[in-house]
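Structure first, commentary second.
Residue numbers start at 1 and run along the sequence shown. We count ligands from 1, going down the list as the structure has it; atoms in each ligand are counted the same way.
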Amino acid sequence: ALPAVGFTSVCAQAAGASGDSLVFDPSAYTEQTITLTDAGGTAHEVVYRFHKVASYVAKPVDVTYQSLNISVPVRIDGTAVDASDAPILFANSVGGYMPSSVANRTGIAATGMGGATSRQGLALAAGYVVVEPGARGRTLVDSSGVYYGTAPAAIVDLKAAVRYLKFNKGRVPGDVHRIVSCGTSAGGALSSLLGASGDSPLYAPYLEEIGAADASDAIFATGAWCPITDLEHADMAYEWCWGSNPPASGSLVDRTVSGELSSAYGPYLASLKLRARGFGALTARNMDDYLLRTFMQPSATKYLAALSDSARAAYLAAHPFISWDGSTATFTWADFLTHVGARKKNAPSFDAFDLSTPECNLYGTGTTAARHFTLYSLRHESGAGARLDEDIPSKLRLMNPMYHLVDKVNAGRSRHWWIRLGTKDTDTSHTVAGNLAARLTDLGDDVDTSYYWDAGHGADQDPGDFVKWIAAVSG
Ligand code: DHB
């Protein structure tokens, strides 16, 4: 049995018996010094405590993945800082729904994409506690050929890591009521799912199985960059959005498949009953207008407004589809699509007929590496009477934030959301983030959504603003 919540640190020092393994030991750390350049380009010398937690669950399946690191700033530029009540950035490093391990790291992952300071590094330099959890992922297979990291393993692990922190409230540095999750792409999907599904009872059996701490897994705020989510509707959404875009060179999109999927998107979108101010009910008919006016045009406007007069004039001359009235960019959805150019993925983009996509592997089980998770692709391959495997619908619910926001509105969800996406990112449909933002806004949550103009997959162009946002929402 797990020790009760509220276990004191005196007991923590006596830990060692099996049931006490989830008690955090504040005295176990290495002290490290790192130079971190903030988003404004200023370098800071940060002294921090680096804690390694061998496992955040009592019955780990694989500690290579089910472990976490905690970084706690103690001196920044020579001044002592007390992070005991600071917000906690909970930064997953999942990509491609692959396994992600932090077990061999000897310090905070301070460098992000392109050599810039990572979100973790920026957060540490801002005085926040940084937690970096590992998680199982889709390709893990044991010696008997059984897949043990497919859905819902990654979200179960991230929840277990949150529970570990909350279980250790008072022992673990930082304010466990101010956990802010972040992640990119599949990691953005998992971050949004973690935010949407806080304390949902659906995960209980899975959490119990791995010996997760008996504590809340709800988080305070959620950052999600280019979330690759709502997977079972992503093929339809993709064709609705990018169906008219040319395929990447060398590939051919089946027009019948694309057309069938695109037509199926309308009924799905209608079933969500989304609303947006100034647009009313969102449907396949006005969705383009919603995306255009709410995200794409403001994105271009922000981009152009930040350019020098000569650079702006040059950009506008090279992109005559954009009208610029001196302060606002306008253009049509069709011209925007043409501007984006080639689509990245074939059709179907996610539940490929030949099971070759990462998502088919995500829904693998037992010794089966990959399965269909949409009726459309399954029936295309196996005939009109084919049925999805019995466990698929429940696994889809466990992996989809929209379930927790639409089908069963989850009171335990986070109420602060930061959603970011590049306008040229064709890894998934622009409706995915758009629907997420629309639904959360309609629910009354605090939602900060922005698209980076002309940016591709994985972009993060305002990391400093995210760090400021954490302070603003958790103040
Ligand atoms: C990621 C990208 C994809 O296109 C996808 O289908 C799944 C995951 C990623 O970058 O994590």
Side-chain angles (χ1 to χ4, degrees), residues 65 91-101 109 112-114 118-119 132-140 149-155 157-158 181-194 222-243 245 247-248 251 253 261 340-364 369-374 376-377 395-396 399-402 419-433 436 452 455-460:
Y65 304 100
N92 80 61
S93 56
V94 176
Y97 287 103
M98 294 290 281
S100 58
S101 175
M113 293 222 315
S118 64
R119 283 193 282 269
E132 299 172 286
R136 288 170 292 167
R138 62 185 171 82
T139 53
L140 295 172
T150 54
I155 185 62
D157 285 353
L158 295 178
S181 164
C182 70
T184 302
S185 196
L190 287 162
S191 185
S192 60
L193 178 59
L194 191 67
T222 304
W225 283 257
C226 49
I228 303 287
T229 193
D230 198 8
L231 297 174
E232 63 271 38
H233 306 108
D235 291 332
M236 312 169 187
Y238 200 94
E239 298 315 315
W240 178 88
C241 187
W242 306 122
N245 287 52
S251 69
V253 171
L261 285 166
V340 170
R343 54 186 282 171
K344 182 169 181 176
K345 296 186 173 184
N346 212 320
S349 300
F350 294 86
D351 192 0
F353 294 142
D354 66 0
L355 299 170
S356 60
T357 42
E359 288 75 15
C360 290
N361 178 211
L362 178 65
Y363 289 104
R371 292 187 295 172
H372 287 302
F373 56 95
T374 67
Y376 182 82
S377 291
K395 289 191 175 150
L396 294 172
M399 295 303 290
N400 196 334
M402 297 305 278
I419 300 170
R420 292 291 184 273
L421 187 59
T423 60
K424 282 197 172 176
D425 186 339
T426 64
D427 274 52
T428 195
S429 168
H430 279 339
T431 59
V432 171
L436 192 59
Y452 308 124
H457 190 58
D460 180 0

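- A side-chain donor from one of R119 and T184 sits under 3.5 Å from a side-chain acceptor of the other.
- Shown here are the side chain to side chain contact (heavy atoms under 4.5 Å, CB included) partners of T357, two or more places apart in sequence or in another chain: A352, E359, C360.
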Between the protein and ligand 1, which nitrogen or oxygen pairs come in under 3.5 Å, and how far apart is each?
residue	atom	partner	partner atom	Å
ligand 1	4 (O)	K345	NZ	2.7
ligand 1	4 (O)	D427	OD2	2.6
ligand 1	6 (O)	K345	NZ	2.7
ligand 1	6 (O)	E359	OE2	2.5
ligand 1	10 (O)	S185	OG	2.6
ligand 1	10 (O)	H457	NE2	3.1
ligand 1	11 (O)	G96	N	2.5
ligand 1	11 (O)	S185	OG	2.8
ligand 1	11 (O)	A186	N	3.0

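- Here F373 pairs with Y363 under the ring-ring contact (aromatic ring centres under 6.0 Å, His included) rule; sequence neighbours left out.
- Partners of A347 by side chain to side chain contact (heavy atoms under 4.5 Å, CB included), not counting sequence neighbours, listed by chain and number: E239, V253, V257, R343.
- Donor-acceptor pairing under 3.5 Å is recorded for the side chains of S181 and S191.
- Between P133 and D157, every side-chain heavy-atom pair lies at or beyond the 4.5 Å cut-off.
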